[in-house]
Enquirer: 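One structure is given below, represented as structure tokens, and several questions about it will come after.
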2 protein chains.
Amino acid sequence: MSENRFEEILRQHEIRPTAVRILLLETMERFENTFSLADLETEADTLDKSSIFRTLALFAQHHLLHVIEDGSGATKYCLCHNDHACRIEEMHVHFHCEICGKTFCLDNVHVPVIRYPEGYEVREINYLIKGRCPACRSKR
Amino acid sequence: MSENRFEEILRQHEIRPTAVRILLLETMERFENTFSLADLETEADTLDKSSIFRTLALFAQHHLLHVIEDGSGATKYCLCHNDHACRIEEMHVHFHCEICGKTFCLDNVHVPVIRYPEGYEVREINYLIKGRCPACRSKR
DNA sequence: CTTGTTTTTGCAATTCGGTTGCAGAAACGG
DNA sequence: CCGTTTCTGCAACCGAATTGCAAAAACAAG
């Protein structure tokens with residue numbers, strides 16, 4: 001019997017596939033948008049906050065997920081949907097709705113590359129738009 | 001006797017110029033880079049944290065300063081240096097050094113405008129680069 | 001200037017997300 | 001199966017942000 005898909009993904013990212021990690025990866029995939037540590041805590045309520053915390057840090061280190069600071073107070077995360085998602089040219093844009101508080105991945109919108117000033121070494125780019133999402137605009 | 005420059009700036013932004021606010025604005029101007037609430041607390045040590053907090057919120061509401069989430073745990077701020085600084089086309093890019101933790105305004109680098117997806121209402125854009133700043137690169 | 005009203009401020013307490021130390025549990029490698 | 005390493009849960013802690021409330025400051029009218 002071939003090992004499950006989640007185990008495979010973890011191995012590809014050089015993460016040892018423990019039960020907790022597989023469960024969390026599975027849980028993360030069920031979110032449509034981005035998710036917070038608290039979201040995972042609710043969804044995978046057998047796990048401890050600290051285990052989730054450490055797993056998030058690990059996944060981020062191994063480029064399995066993006067970290068998004070949207071200014072809402074809670075850090076948001078979303079899965080990288082392809083191997084190249086973490087290279088700068090392929091970074092995508094995030095949108096934070098100031099009304100409902102949700103943060104969306106605009107997967108099709110890539111971060112525009114600009115001329116950076118000399119001397120700075122660029123490792124990561126965050127492009128975050130704030131405003132109102134379609135759903136909140138249509139209400140009223 | 002003409003009122004001082006700081007009072008004038010506050011009035012221009014429709015903020016009532018109290019002693020606390022003038023002192024804080026003055027203090028903010030002395031920072032070269034971005035600053036945090038804690039920085040202001042150190043620098044203006046006669047004031048209470050909560051007053052600084054509320055003043056920051058007020059200044060941000062009235063577009064007197066930018067709010068920058070750099071993922072360091074503490075929110076950073078920097079003064080808008082002209083009246084138009086808060087319009088999207090004139091937003092500038094910020095750089096967060098992962099070594100020394102400082103966050104810089106790259107005043108000359110404007111946020112590139114891209115095609116946003118239909119339906120979203122854009123109010124604000126944050127373009128944050130993370131990496132190593134010139135000073136930290138030259139050490140080592 | 002004095003008085004009454006509104007706004008602002010300082011203090012103290014609290015919330016909340018994030019983070020850590022440690023001991024037991026699970027995974028791993030013979 | 002056993003010794004070693006890694007991971008996890010628990011409990012405690014931290015620090016930035018946030019709030020309620022009463023006193024102080026700013027303001028407006030007489």
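Throughout, a chain's letter reflects where its sequence line sits, starting with A, and its residues are numbered from 1. Predicted model only: the values in this text are computed from it and were never measured.
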Enquirer: Taking the side chain as C-beta and beyond, is there a heavy-atom pair between B/I52 and B/D48 under 4.5 Å?
Expert: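 Not touching, per the 4.5 Å side-chain cut-off.
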Enquirer: Is any side-chain heavy atom of B/E69 less than 4.5 Å from a side-chain heavy atom of B/T75?
Expert: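 B/E69 reaches B/T75 side chain to side chain.
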Enquirer: Find the distance A/L40:CG to D/dT8:P and express it as a whole number of Å.
Expert: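 To the nearest whole Å, that distance equals 14 Å.
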Enquirer: If I take atom CD in residue A/E14 and atom C1' in nucleotide D/dT6, what distance separates them, rounded to the nearest angstrom?
Expert: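 The distance from CD of A/E14 to C1' of D/dT6 comes to 17 Å, rounded to the nearest Å.
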Enquirer: Hey, does B/H96 have a side-chain heavy atom less than 4.5 Å from the side chain of B/L128?
Expert: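 Yes - at least one pair of side-chain heavy atoms lies under 4.5 Å apart.
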Enquirer: Counting only side-chain nitrogens and oxygens, does A/T18 get under 4.0 Å of the OP1 or OP2 atom of C/dA27?
Expert: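 Result: no.
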Enquirer: Over how many whole Å does the gap from B/E41 atom CD to C/dT9 atom P extend?
Expert: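 Checked: the CD to P distance equals 16 Å.
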Enquirer: Measuring from atom CG of A/L25 to atom CG of A/L10, what distance do you get when rounded to the nearest 0.5 angstrom?
Expert: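 Rounded to the nearest 0.5 Å, the CG-CG separation comes out at 5.0 Å.
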Enquirer: In degrees rounded to 10°, what angle is found between the helical axes fit to the five outermost pairs at each end of the helix from C/dC1-D/dG30 to C/dG30-D/dC1?
Expert: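 Roughly 40° between the end axes, to the nearest 10°.
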Enquirer: Would you sort out whether B/D39 and B/S36 count as a side-chain hydrogen bond (donor to acceptor under 3.5 Å, both in side chains), showing the intermediate values?
Expert: CA-CA 5 Å; B/D39 292 333; B/S36 63; 3.1 Å; yes
Enquirer: B/L56 has an atom CG; how far is it from atom P of D/dT19, in whole Å?
Expert: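 Answer to the nearest Å: 15 Å.
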Enquirer: Can you tell me the distance, in whole Å, between the CD1 atom of A/I15 and the P atom of C/dA27?
Expert: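 Spelled out: CD1 on A/I15 to P on C/dA27 is 16 Å.
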Enquirer: State, with a plain yes or no, whether a side-chain heavy atom of B/Y120 is found less than 4.5 Å away from one of A/C133.
Expert: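 Sidechains of A/C133 and B/Y120: in contact.
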Enquirer: Less than 4.0 angstrom from a charged side-chain N to a carboxylate O is my criterion; do A/R132 and A/E98 meet it?
Expert: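 Not counted as a salt bridge, because no side-chain N and carboxylate O are separated by less than 4.0 Å.
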Enquirer: Between atom CG in A/L23 and atom P in D/dT8, what is the gap in whole Å?
Expert: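 For the pair A/L23 CG and D/dT8 P, the rounded distance is 11 Å.
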Enquirer: So, is B/R16 near the phosphate of D/dA25, with a side-chain N or O under 4.0 Å from OP1 or OP2?
Expert: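 For B/R16, the contact criterion (side-chain N or O under 4.0 Å from OP1 or OP2 of D/dA25) is not met.
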Enquirer: List, with names and distances, any nitrogen or oxygen atoms from the protein found under 3.5 Å away from nitrogen or oxygen atoms belonging to nucleotides 18-20 of chain C.
Expert:
from   : atom 1 : to    : atom 2 : distance (Å)
C/dG18 : OP1    : A/T75 : N      : 2.8
C/dG18 : OP1    : A/T75 : OG1    : 2.8
C/dG18 : O6     : A/K49 : NZ     : 3.0

Enquirer: Taking atom C1' of D/dG9 as reference, at what distance in whole Å does atom CZ of A/R21 sit?
Expert: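 Going from A/R21 (CZ) to D/dG9 (C1'), I get 14 Å.
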Enquirer: Taking the inter-plane angle between the rings of B/Y127 and A/Y127 on a 0 to 90° scale, is it parallel (under 30°), tilted (30 to 60°) or perpendicular (over 60°)?
Expert: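 Plane angle over 60°, so perpendicular.
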Enquirer: Please tabulate, for the side chains in residues 26-33 of chain B, all donor-acceptor contacts under 3.5 angstrom to protein atoms that are two or more places apart in sequence or on a different chain.
Expert:
from  : atom 1 : to    : atom 2 : distance (Å)
B/T27 : OG1    : B/L23 : O      : 2.7
B/E29 : OE1    : B/R5  : NH2    : 3.0

Enquirer: Can you tell me the distance, in whole Å, between the CG atom of A/L47 and the C1' atom of D/dC7?
Expert: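 Distance check: A/L47 CG to D/dC7 C1' gives 12 Å.
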